[in-house]
Amino acid sequence: DEIFGSYYFDVKKHPIINNPLSFKKPGLNENLAEFFGIMIGDGGMSHRQVYITLHHLDDAAYIKRVAKMIKKLFGVTPSIYHEPEFSVKNIVISRSKLVEYLNSLGLAIGDKIRNKIDIPIWIKQNDNFKIACLRGLVDSDGSVFNHNYKVKNKWYSYKKLDFTSASPDLINSVFQIL
């Protein structure tokens, strides 16, 4: 119980604060594994929110795709906030129970590097889940590019895949999967 100005507010009986917002709990599947890849790359969680930060122009189509994926997976329409000063859009889901669920499946709350982020074991144990998770990881923290170079007056061009992370455990897991 707290007093705000002249208003008496009973926190224990409050109809909004004490009723967590609902969501659909998906089973383990390829879409959830891909979502985990996106979250491991460009996402994060606080104790009450799940968020994914993407470039507002370069990732415009991808933002729509991720928002549809979230709606399909969890039955929740995420909020999208534009931060033009940083050239990003944040896809946000405010659901403390969703945070708890994702955390129970292996996503860390808070700093991913300090928490030694890695691909969860349930993904590593299924080939289809591994591929889906890698798709999300490469979409967020990877790229595909043409590598052009010249040797003895002959030009070569190859497609190359690039993936980067500050997490040694994650880099090792991606290497093992590839």
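Computation of the quantities below employed the complete heavy-atom set of this structure, encompassing side-chain atoms and omitting hydrogens, waters and symmetry-equivalent molecules.
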Between [X] (side chain) and [Y] (backbone), is there a donor-acceptor pair under 3.5 Å?
| X | Y | value |
| --- | --- | --- |
| Asp42 | Ile38 | no |
| Asn126 | Asn128 | yes |
| Asn29 | Gly27 | yes |
| Arg95 | Ser22 | yes |
| Lys71 | Val66 | no |
| Asn115 | Ile117 | no |

Could you state the interatomic distance from [atom1] ([X]) to [atom2] ([Y]), rounded to the nearest 0.5 Å?
| X | Y | atom1 | atom2 | result |
| --- | --- | --- | --- | --- |
| Ile91 | Ser79 | CD1 | OG | 11.0 Å |
| His82 | Ser87 | NE2 | OG | 7.0 Å |
| Ile109 | Met45 | CD1 | CE | 5.0 Å |
| Asn172 | Ser167 | CG | OG | 9.5 Å |
| Ile171 | Thr164 | CD1 | OG1 | 6.0 Å |

Take atom NZ in Lys24; do more than 12 heavy atoms of anything else shown fall under 6.0 Å from it? yes

[X]-[Y] co-clustered via ILVMFWY side chain contacts under 4.5 Å:
| X | Y | answer |
| --- | --- | --- |
| Ile131 | Ile177 | no |
| Phe163 | Tyr62 | yes |
| Leu161 | Leu137 | yes |

Where is the tightest heavy-atom contact between [X] and [Y], given as atom of each residue plus distance?
| X | Y | answer |
| --- | --- | --- |
| Val144 | Lys159 | CG1-CD, 4.2 Å |
| Asn103 | Ala108 | ND2-CA, 4.0 Å |
| Leu32 | Pro26 | CD1-CG, 4.3 Å |
| Met39 | Val50 | CE-CG1, 3.5 Å |
| Leu102 | Phe74 | CD2-CZ, 4.1 Å |
| Ser140 | Gly41 | OG-CA, 3.3 Å |

Tell me, do [X] and [Y] make a side-chain contact under 4.5 Å, heavy atoms counted?
| X | Y | answer |
| --- | --- | --- |
| Asn153 | Lys150 | yes |
| Ile119 | Phe36 | no |
| His55 | Val88 | no |
| Leu170 | Phe175 | no |
| Asp139 | Arg65 | yes |
| Leu134 | Leu178 | yes |
| Asn90 | Ile52 | no |
| Val151 | Tyr149 | yes |

Test side chain to side chain contact (heavy atoms under 4.5 Å, CB included) applied to Leu28 and Leu105, step by step: CA-CA 9 Å; Leu28 304 182; Leu105 293 177; 3.9 Å; yes

Side chain to side chain contact (heavy atoms under 4.5 Å, CB included) between Phe145 and Asp162: does it pass, once the steps are laid out? CA-CA 8 Å; Phe145 63 95; Asp162 176 59; 3.7 Å; yes

Is there a side chain to side chain contact (heavy atoms under 4.5 Å, CB included) between Val92 and Ile80? Walk through the geometry before answering. CA-CA 6 Å; Val92 180; Ile80 300 174; over 6 Å; no

Can you label the angle between the Tyr156 ring and the Tyr158 ring as parallel, tilted or perpendicular, going by 30° and 60°? parallel

Go through the steps for Leu98 and Val76 under the test side chain to side chain contact (heavy atoms under 4.5 Å, CB included), then give the verdict. CA-CA 10 Å; Leu98 176 59; Val76 173; 5.8 Å; no

Using the ring-ring contact (aromatic ring centres under 6.0 Å, His included) rule, take Trp122 and Phe129 through it: C-alpha gap first, then chi angles, then the decisive distance, then the call. CA-CA 8 Å; Trp122 65 269; Phe129 294 175; 5.6 Å; yes

With Ile40, which of Ser165, Pro120, Ser173 fulfils side chain to side chain contact (heavy atoms under 4.5 Å, CB included)? Pro120

Any chance you could lay out the ring-ring contact (aromatic ring centres under 6.0 Å, His included) test for Tyr51 and Tyr81, step after step, and finish with the verdict? CA-CA 10 Å; Tyr51 52 88; Tyr81 301 102; over 10 Å; no

Would you sort out whether Asn148 and Ser157 count as a side-chain hydrogen bond (donor to acceptor under 3.5 Å, both in side chains), showing the intermediate values? CA-CA 4 Å; Asn148 302 309; Ser157 180; 2.6 Å; yes

Intermediate values then yes/no, side-chain hydrogen bond (donor to acceptor under 3.5 Å, both in side chains), Lys89 and His56: CA-CA 5 Å; Lys89 285 192 178 179; His56 68 128; over 6 Å; no

State plainly whether the residues Glu100 and Arg48 are in salt-bridge range, i.e. N to O under 4.0 Å. no

Using a strict threshold of under 4.0 Å (side-chain N to carboxylate O), is an ion pair present between Asp118 and Lys124? yes

